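Have a look at the structure below, then the notes.
Since we're looking at a predicted model, the values are computed, not measured.
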Amino acid sequence: MNSDTLRYRLLDAQLSLAREKRRAVILLLTGHAVTHKGQVVNRLNHWLENRHTEVHALGPSSEEQSRPYWWRYWRRVPDRGRIGIFIHGWYGDALFARAERRLSPGAFQDRLAEIRAFEAELAAEGVVLLKLWTDIGRREQRCHLAELQQDPARAWQVGVNEWQRHGQHAVIEAIGRKLRDDTQAPHAPWERLPFREPGEQLARAARLLLAAMEHPPEPPAATLATLPHEAPGVPSLGRASAAVEVRLDKADYRERLAHGQARLAANAREIARRRIPAVIAFEGHDAAGKGGSIHRVTAALDARQYRVHRIGAPSDEELALPWGWRFWRRLPADGRIAIFDRSWYGRVLVERVEGLASEAQWRRAYGEIHHFEQQLLAHGGVLIKLFLAIDKDEQLRRFEARAATPHKRHKLTDEDWRNRERWDDYQLAIDEMFARTHLPGAEWSLIACDDKRRARLAVLERVNERLEARLASAV
C-alpha cells in the first residue's frame with residue numbers, strides 16, 4: 001500500500017482502539033545508536049492522533065530511584081484505548097547497563113526474567129506489545145556518524161555517548177541477540193527495523209503497528225506460583241486458635257500499648273534516616289479490627305512519613321489500566337511507609353469468591369503478586385503482611401453490636417452480611433492464599449483477634465519485629 005493509504009489505515013485503527021477501549025498498545029524501539037529512532041517516532045506521532053498517544057524517552061530521576069525499578073514503567077502504562085511509545089525503555093536500561101558492566105551476567109539474567117514477567121502481566125491485562133530492534137552494521141554506523149558530524153544542521157545529534165555506543169557495537173550486538181532470544185514470546189514479539197532512509201523505516205514501523213492493532217496476539221496462559229518448600233511454616237486458619245480465654249486488663253493493655261507505640265516510633269525514625277521503604281498490608285475477616293489496629297499503628301508515626309491506602313472497588317481510571325497498576329503507583333518512596341487497608345490480595349479473596357475475577361485472572365494473580373512483592377524486597381524494602389482473624393461466632397456478635405450502636409452502624413454494610421454467608425468459601429481461599437504467598441521476606445502473620453486488645457498489641461509487636469529485623473540486616 002502507498003504511504004497515504006497506510007497512514008489513513010493506521011489512523012483509523014487507532015481511532016477504533018480509542019473508541020472501543022478494549023486494549024492498550026505499547027510500541028518499544030531499542031537497538032543500536034544513530035538508527036533514526038527519534039525521526040521514526042516523530043513522524044509516526046505526526047501520523048497518529050497524538051491526543052491518544054504518549055511518547056516516553058526516560059532518563060534517571062531521583063523520584064524514580066527512590067522506588068522499586070519497575071515503578072517508573074508501571075506508572076506510564078497507557079490506558080485502554082491509548083498507544084504508548086517507549087524509546088529504549090526497559091530494554092535500553094538492561095542493554096546498556098550490561099554493555100557497561102553495571103549489571104553482572106547473573107543480574108542481567110534476573111532482569112530478563114523480570115521483563116518476561118512484566119510483559120506477560122501486561123499482555124494478560126489487554127496490552128498489545130510490539131518491540132522493534134533497530135539494526136545497523138558497524139561500518140555503516142561509523143559512516144553515518146561522520147556524515148552527521150559534518151552537517152552543521154545535524155551535528156548536535158552526535159556526542160560522546162554516540163561514539164561510545166559505536167565502540168561497543170559488537171558488544172551491543174551480542175547482548176541484543178541474547179536479550180531478544182530470551183524475551184521473544186507470542187504475546188510480546190520482536191521485529192527488526194533495518195537502517196534505511198527514515199521514510200522506509202517509518203513505513204515498516206507503521207505496517208507492524210497496524211498489524212498489531214488489527215490482529216492482536218493471544219494473551220499468555222495463566223500459571224500458578226510455586227508452593228513454598230516448608231509447608232509446616234505456612235499459616236492456616238484450620239490450625240489457628242483465634243479464641244482467647246482470658247481478656248487483657250485495660251490498665252495492662254494501656255501500658256503495653258504505650259511501650260509498643262514508643263518502640264514503633266523509634267523504629268520508624270530509624271528507617272526514615274536509613275531511607276528504607278516499608279509496606280504494611282492488612283487483610284482479615286470483616287469486623288476483625290483492621291481499622292482499630294491501623295489507628296494504633298499510625299498513632300505512633302509522624303504523619304509526614306506514612307500514608308494509609310484504603311483499597312475498595314476500582315475507580316474508572318483504575319479499570320482502564322492493568323490490575324497491578326493501582327498497587328504499583330502507591331508504593332512508598334525510600335524512608336516512607338505505605339499502609340494498605342485491604343490490598344492486592346483482594347484478587348485472590350473477595351474477587352475470587354464473589355466471581356469479580358475469572359478463574360484465569362485470580363490464578364494468574366499469584367504469580368503477579370509474587371513478582372510485585374519480590375520487586376519491593378529487591379529494592380531493599382520491608383514487607384509486613386498481617387491477617388486479622390476472628391471466629392464465626394465472634395464476627396456475628398460484632399455485627400450485631402455495630403447494628404445496635406448509632407456511631408458504628410456505618411461500618412456494617414449489606415456486603416458484610418453477604419460475605420458472611422460465604423464464610424466457608426472465604427476460608428478455603430484464605431488458606432490457599434497463605435499456601436501460595438507465604439514466601440521468604442513476604443511471610444504472613446496470622447493475628448488472633450477475638451480479644452481486640454491483645455490483637456492490637458500483637459500487630460504492633462509483629463510490625464516492630466519485622467522493622468527491627470530489617471534494620472539489623474542493614475547494619
Side-chain angles (χ1 to χ4, degrees), residues 121 124-126 221-228 231 234-240 242 281-291 293-294 309-315 318-319 322-327 340-373 385-400 402-403 411-439 442-450 455:
E121 185 170 349
E125 289 289 326
T223 56
L224 279 174
T226 303
L227 286 169
V234 178
S236 169
L237 293 176
R239 294 197 299 267
F282 282 84
E283 291 288 349
H285 292 121
D286 294 330
K290 291 182 293 298
S293 294
I294 290 171
H309 303 286
R310 185 179 182 279
I311 303 300
S315 66
E318 291 167 341
L319 287 171
W323 168 75
W325 177 84
R326 63 176 176 150
F327 305 111
F340 287 83
D341 181 356
R342 304 285 188 191
S343 69
W344 43 98
Y345 284 99
R347 190 68 149 187
V348 297
L349 295 177
V350 64
E351 292 185 42
R352 167 185 173 171
V353 174
E354 301 299 332
L356 301 173
S358 68
E359 183 174 353
Q361 287 176 320
W362 64 258
R363 286 190 179 278
R364 188 178 67 243
Y366 290 121
E368 295 168 351
I369 287 168
H370 177 67
H371 179 248
F372 173 71
E373 294 179 346
K385 302 190 302 191
L386 307 168
F387 191 93
L388 278 56
I390 54 176
D391 67 27
K392 195 172 184 180
D393 292 338
E394 177 63 20
Q395 186 187 64
L396 180 58
R397 284 192 291 272
R398 293 186 185 183
F399 278 13
E400 291 173 342
R402 285 181 177 183
K411 295 184 177 182
L412 186 63
T413 67
D414 291 340
E415 183 179 347
D416 293 328
W417 288 108
R418 287 197 303 273
N419 292 347
R420 180 174 168 78
E421 291 175 1
R422 305 198 64 176
W423 178 274
D424 292 342
D425 293 331
Y426 274 101
Q427 300 295 84
L428 179 65
I430 291 163
D431 275 341
E432 184 172 357
M433 174 191 76
F434 288 152
R436 296 199 178 278
T437 61
H438 183 82
L439 297 167
E443 299 89 350
W444 278 101
S445 294
L446 181 57
I447 309 294
C449 294
D450 279 9

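- Counting only distance, with no hydrogens or angles, the side chain of K385 and the backbone of A442 share a donor-acceptor pair below 3.5 Å.
- Here E351 pairs with R347 under the side chain to side chain donor-acceptor pair (under 3.5 Å) rule; sequence neighbours left out.
- Taking the six-membered ring for Trp, W444 and Y345 have ring centres closer than 6.0 Å.
- Put simply, CG on N419 and CG on D286 are 5.0 Å apart, with the number rounded to the nearest 0.5 Å.
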E283/L349 under side-chain contact (heavy atoms from CB on, under 4.5 Å): CA gap, chis, key distance, verdict: CA-CA 10 Å; E283 291 288 349; L349 295 177; 4.0 Å; yes
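- Rounded to the nearest 0.5 Å, atoms OG1 (T437) and NE2 (H370) are 10.5 Å apart.
- With sequence neighbours excluded, no residue satisfies salt bridge (Lys or Arg N to Asp or Glu O under 4.0 Å) with D341.
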Residues R326, W344; criterion side-chain contact (heavy atoms from CB on, under 4.5 Å); working and verdict: CA-CA 9 Å; R326 63 176 176 150; W344 43 98; over 6 Å; no
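- Nearest heavy atoms, L319 versus P314: CD2-CG, 3.5 Å.
- Looking at every heavy atom in both residues, C449 comes nearest to A288 through CB-O, 3.4 Å.
- In this structure E354 satisfies the salt bridge (Lys or Arg N to Asp or Glu O under 4.0 Å) test with no other residue, sequence neighbours excluded.
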For side-chain contact (heavy atoms from CB on, under 4.5 Å), just list the numbers for F282 and F340, CA-CA rounded to whole Å, side-chain angles, deciding distance to a tenth of an Å, and then say yes or no. CA-CA 6 Å; F282 282 84; F340 287 83; over 6 Å; no
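- Residues V350 and Y426 have side chains in contact (heavy-atom distance under 4.5 Å, counting atoms from C-beta outward).
- The main-chain N or O of I311 is never found under 3.5 Å from a side-chain atom of R342 such that the two would form a donor-acceptor pair.
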Applying side-chain contact (heavy atoms from CB on, under 4.5 Å) to L388 and L446, what does each step give before you reach the verdict? CA-CA 6 Å; L388 278 56; L446 181 57; over 6 Å; no
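- Close placement of the F434 and F387 rings is indicated, their centers lying within 6.0 Å of each other.
- Here the shortest heavy-atom pairing between D391 and W423 reads C-CH2, 3.8 Å.
- The nearest pair of heavy atoms linking S343 to A281 is CB-CB, 4.2 Å.
- Under the side chain to side chain donor-acceptor pair (under 3.5 Å) rule, Q427 has a single partner from R422, H285, K392, which is H285.
- Note on E359 versus R364: no salt bridge recorded, every NZ/NE/NH1/NH2 to OD/OE distance being 4.0 Å or above.
- For R402, there are no salt bridge (Lys or Arg N to Asp or Glu O under 4.0 Å) partners two or more places apart in sequence or in a different chain.
- Under 3.5 Å, the side chains of W323 and E318 contain no donor-acceptor pair of N or O atoms.
- Between the R352 side chain and the R363 main chain, no donor and acceptor come within less than 3.5 Å of each other.
- In this structure, CH2 on W362 lies 13.0 Å from CE on M433, to the nearest 0.5 angstrom.
- Remark: R397 engages E394 in a salt bridge (Lys or Arg N to Asp or Glu O under 4.0 Å) (not counting sequence neighbours).
- For Q395 (side chain) and I390 (main-chain N/O), no donor-acceptor pair under 3.5 Å exists by modelled atom type.
- Partners of E121 under the side chain to side chain donor-acceptor pair (under 3.5 Å) rule, at least two apart in sequence or in another chain, do not exist in this structure.
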